[in-house]
Structure formats: C-alpha cells, structure tokens
Amino acid sequence: MSAPRWTYDIFLSFHGQDTRYTFTDHVYRALTQQGIRVFRDDEELERGGTIAPKLLNAIEESSW
C-alpha cells in the first residue's frame, strides 16, 4: 500500500475574527470527527499580506 499523496484532505481558509472561532471552528471539528485531515491556519494573515512558507506548503500538500 502506498503512502497518501496529500498531507491534508482539505485546506480550510478563512479571514477575520467573526468567523475564526465560530463557523470555521464548527466546520473544522465536523470534518476532523469524520476522519478528514484538515489544515487550519490559526495565525491571522492580513489581507493582501505575504503568504508565509508554512501556508504555501500546506496549500500544496492539500487535495482540496
């Protein structure tokens, strides 16, 4: 059996405090409870800011 191609099944992207601890948190929990591998960035990225290498890697390693 070969190793999975992706590190994450889903890259969960969000912006703003209004969704970070409400909607996004509920989606994250529901997906992980189903065994779906989800990347969620817990650091706030400013709109128009440079995407950190950590985020670029997570995006590249996610199938969705």
Side-chain angles (χ1 to χ4, degrees):
M1 186 170 178
S2 64
R5 179 176 176 196
W6 309 108
T7 302
Y8 305 102
D9 297 309
I10 295 176
F11 179 89
L12 188 58
S13 178
F14 61 92
H15 180 79
Q17 293 295 328
D18 56 335
T19 63
R20 181 181 303 256
Y21 299 110
T22 55
F23 178 76
T24 304
D25 194 47
H26 292 296
V27 170
Y28 175 81
R29 285 185 192 173
L31 292 171
T32 57
Q33 287 175 352
Q34 294 299 313
I36 297 171
R37 297 168 300 164
V38 180
F39 178 88
R40 176 181 62 174
D41 179 35
D42 290 329
E43 299 173 17
E44 186 168 349
L45 177 64
E46 290 184 31
R47 198 170 277 202
T50 303
I51 297 176
K54 174 180 105 173
L55 291 179
L56 288 175
N57 287 337
I59 291 168
E60 291 172 354
E61 295 174 357
S62 301
S63 63
W64 291 90

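Closest approach of D9 to G35, counting heavy atoms only: OD2-O, 4.4 Å.
The side chain to side chain donor-acceptor pair (under 3.5 Å) search around E61 returns T7, not counting sequence neighbours. Checked against ring-ring contact (aromatic ring centres under 6.0 Å, His included), Y28 has no partners two or more places apart in sequence or in another chain.
Under the 30°/60° scheme for interplanar angles, the aromatic rings of F39 and Y8 are found to stand perpendicular.
At a threshold of 4.5 Å between non-hydrogen side-chain atoms, the residues V27 and R40 do not count as touching. Residues T24 and L12 have side chains in contact (heavy-atom distance under 4.5 Å, counting atoms from C-beta outward).
To the nearest 0.5 angstrom, D25 atom CG is 4.0 Å from R29 atom CZ. With rounding to the nearest 0.5 angstrom, the CD1 atom of I10 is 5.0 Å from the CD1 atom of I36.
For the pair R37 (side chain) and W6 (backbone), a donor-acceptor distance under 3.5 Å is present.
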